[in-house]
Amino acid sequence: MNLSGIVSVSGKPGLWKALAQNKTGFVLESLDAQKTKLIANLSTAKLAALDEITIFGYDEDIKLTDVFEKIKASANVPDAKADGKVLRTFFKEVAPDHDEEKVYASDMKKVISWYHILKDMPQFNEAPAAAEVEAEGEKPVLKAPVVTDKPKPKATVQKKAPVAPKAPKGNIPKNPSRAG
């Protein structure tokens with residue numbers, strides 16, 4: 001499951017895909033049918049990358065990607081608008097070690113609604129590149145930069161054209177025809 005580049009924006013519903021970054025923030029595109037664009041300012045909006053989100057657990061935190069894998073393997077996924085008790089029993093199946101006091105029903109609804117958004121996307125069914133490399137046990141081969149013996153051309157600085165000196169302001173009449 002490759003969730004890199006998919007973020008949640010505080011105060012905005014749904015999930016967003018990071019398209020580009022500028023000086024003040026990120027350019028995001030919604031993952032719903034409208035494909036609306038948003039510029040999220042880093043000083044005002046809080047972004048949370050889905051591949052970095054964890055859920056409170058008793059012993060240690062549970063990665064969201066692990067919960068998504070268990071939800072994908074389960075047969076019946078409830079609707080995000082289901083009753084809190086239904087969501088809690090479902091969450092006990094997919095994340096049995098989650099801390100029931102710290103994980104609220106609203107958090108569970110959010111995770112399940114994110115799953116329903118992501119389940120049909122192609123990135124959701126592919127493995128991340130880093131995990132594939134670790135699974136194979138091989139180190140990626142890095143290409144060395146090509147070194148050439150040609151010297152780099154020197155940068156030439158263009159000189160500005162000389163500017164004619166200005167005439168001194170003195171006792172020069174403004175209208176020469178009236179001098180007198």
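We number each residue from 1, following the sequence as shown. Owing to the predicted nature of the structure, the values given are computational and were not obtained by experimental measurement.
When the side-chain contact (heavy atoms from CB on, under 4.5 Å) test is applied to Leu15, the partners found at least two apart in sequence or on another chain are Ile6, Ser8, Leu31, Leu50, Trp114, Ile117, Leu118. Legend: residues meeting side-chain contact (heavy atoms from CB on, under 4.5 Å) with Ala82, ordered by chain and number and at least two apart, are Pro78, Val86, Leu87. In this view, Thr36 and Ser30 satisfy the side-chain hydrogen bond (donor to acceptor under 3.5 Å, both in side chains) rule, not counting sequence neighbours. Residues forming a side-chain contact (heavy atoms from CB on, under 4.5 Å) with Tyr104 (at least two apart in sequence, or on another chain): Ser106, Asp107.
Within the 3.5 Å criterion, the main-chain N or O of Ala95 finds a donor-acceptor partner in the side chain of His98.
Within the structure, salt bridge (Lys or Arg N to Asp or Glu O under 4.0 Å) contacts touching residues 27-41 (residues at least two apart or in different chains) are Glu29-Lys37. Listed by first then second residue, pairs satisfying salt bridge (Lys or Arg N to Asp or Glu O under 4.0 Å) with a partner in residues 39-57 number zero, not counting sequence neighbours. Every pair tested for side-chain hydrogen bond (donor to acceptor under 3.5 Å, both in side chains) that includes a residue from residues 88-97 fails, sequence neighbours excluded, so the list is empty.
Residues Val77 and Ser74 come closest through the heavy atom pair CG2-OG, 3.8 Å.
At least one side-chain heavy atom of Leu3 sits under 4.5 Å from a side-chain heavy atom of Phe68. At least one side-chain heavy atom of Ile71 sits under 4.5 Å from a side-chain heavy atom of Val111. Counting heavy atoms from C-beta on, the side chains of Val67 and Ile55 come closer than 4.5 Å.
Leu42 forms part of a hydrophobic cluster together with Val7, Val9, Trp16, Phe26, Leu28, Leu38, Leu47, judged by ILVMFWY side-chain heavy-atom separations under 4.5 Å.
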